[in-house]
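Side-chain atoms are counted along with the backbone in the values below, which use heavy atoms only and exclude waters and symmetry mates. Every number for a ligand or one of its atoms is a count from 1 in the order of the listing.
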Amino acid sequence: SPQTSLQQIVPAPVKVTPKPGVTYALSADTRIYTHPGSRDAKRVGEYLADVLRPSTGYRLPVTPGASWRGISLLLVGADHRVGKEGYQLDVTRRGVVIRAKTAAGLFAGVQTFRQLLPAKVEAKTRQRGPWTAPGGSVLDYPRYGHRGAMLDVARHFFSVDEVKRYIDQIAQYKVNRLHLHLADDQGWRLEIKSWPRLATYGGSTEVGGGPGGYYTQAQYKDLVAYAASRHITVIPEIDIPGHTNAALASYAELNCDGVAPPLYTGINVGFSSLCIDKDITYKFVDDVLREVAALTPGEYVHIGGDEALATTDPDFIKFMDRVLPMVAKYGKTASGWHEFVKATPAASAVPQFWGTKTVAPDMVAAAARGNKIVLSPASKAYLDMKYDAKTPLGLSWAGFTDVEDAYDWNPGAYVQDLPESAVRGVEAPLWTETLTNSADLEFMAFPRLPAIAELGWSPWNTHDWEKFKHRLAAQAPRWQAQGVNFYPSPQVPWK
Ligand SMILES: CC1=[NH+][C@H]2[C@@H](O1)O[C@H](CO)[C@@H](O)[C@@H]2O
């Protein structure tokens, strides 16, 4: 197997110091040690063991302790620059030591160490060794705190296992936020106990008329916990007041005329709106936000707000003025598509920019008021955009996006006059009007998701398409070992 290298890690680390001639070899008696007394460190150790055991066949016991031999995950001695999510990795002839201040940092270090082992380590079945990693040191920490992926489970429903598979795939690239688009015109995907028909009826179909589906609150809690075990915080989105046909179809009383529209299985947008002047609308939103907030250990709840074309601007503002305080009442910070800045949300709220142009005066104004922006420019970060005219899946309203387009922009300087200090990070949305299973998701997400993940993690001084495309090529054997159905873009010199 081609020797891996410290120079091929994705996302590119802050500082890499190879030690030529030094190699570490896993062996049958390798042990994994984790910071004594830290349950979270032990969980990272177990995660690493779960990755390595199937392919190597080694026992790799995980025990509290530290040793120069074997693999040690320690919450002591890390360079202060690692901060909350960074790490230091040292690979010597005798052993591997990952140091961090938090378990999240250890988890990030494990993702890097993983990439130093041969690609076949990613297989779920026993492979022949040797299991070697090149010697050297890495000092690493993220550029942005918000490094997100969004999955639209409303247009097409994706099972708990399919979402977990995507979680495992994005975790490899140090993504730390999973935004779940849980409700839209075509489907309501989360059980709400106070409004049961939202899921049972509103979740009973999907784009194209298939059976749809929904997560019970127990299943949703399982997803949130699974993401957390990969140090990914789930941001639930209930898109309102637009994109609400599934809710309006489920409860006639939510409609201004008291008549429920039929369930919708097409892919138009902008035709639905909650009834802004009915009190029951705000009881509905309050009940939903209360239940969603109770299911959200994370700080943010996303209330959508995009394409409210069936809502007048004054009504949109009136609606948001009544709803945004509910998010705070339930102890959460609001996030929303960039349109919601029309309602002047609190400075702590997170506008998510999805525009296609680099001039967004409302984003600059919001930043001036203290809002920090998540960047998801549709012509760069939308993973549902076709790669080119021949791409069988996806949409093209924002143009074609091949992997170089997804990579070649600077989030710190993308929106004119928006200062780097006002950028909270990046997020890659995967809308699923045309996607129905994991293979479809993977075809659109790989190789572009790692490009967006690198923009979120790596220092700008490492940004170089000519180098990145080779590092991306070196990821392909890993995706092959994992059965990831990636798009072999002609822009990448695949191995
Ligand atoms: C924020 C946003 N609203 C629209 C837009 O993005 O385009 C998506 C498709 O690319 C579509 O699914 C979504 O409903």
Backbone of Ala439 reached by a side-chain donor or acceptor of Asn485 within 3.5 Å:
yes
Residues 319-331 vs side-chain hydrogen bond (donor to acceptor under 3.5 Å, both in side chains), sequence neighbours excluded, gives Asp286-Lys329, Asp286-Tyr330
Is there a donor-acceptor pair under 3.5 Å between the side chain of Arg230 and the backbone N or O of Asp168?
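The answer is no, because no donor-acceptor pair under 3.5 Å joins these two groups.
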Anything under 3.5 Å between an N or O on ligand 1 and a protein N or O? List each pair with its distance, or write none.
unit_1, atom_1, unit_2, atom_2, d
ligand 1, 3 (N), Asp306, OD2, 2.7
ligand 1, 3 (N), Glu307, OE1, 3.2
ligand 1, 6 (O), Tyr382, OH, 2.8
ligand 1, 10 (O), Asp384, OD2, 2.7
ligand 1, 10 (O), Trp397, NE1, 2.8
ligand 1, 12 (O), Arg155, NH1, 2.7
ligand 1, 12 (O), Arg155, NH2, 3.4
ligand 1, 12 (O), Glu433, OE2, 2.5
ligand 1, 14 (O), Arg155, NH2, 2.7

Test of understanding: with side chain to side chain contact (heavy atoms under 4.5 Å, CB included), list the residues that count as partners of Val484, not counting sequence neighbours.
Gln169, Glu442, Phe446, Trp479, Gln482, Phe486
Are Lys342 and Asp362 within salt-bridge range, i.e. N to O under 4.0 Å?
no
Restricting to side chain to side chain contact (heavy atoms under 4.5 Å, CB included), what partner residues turn up for Asp40, sequence neighbours left out?
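Ser38, Arg43, Ala103.
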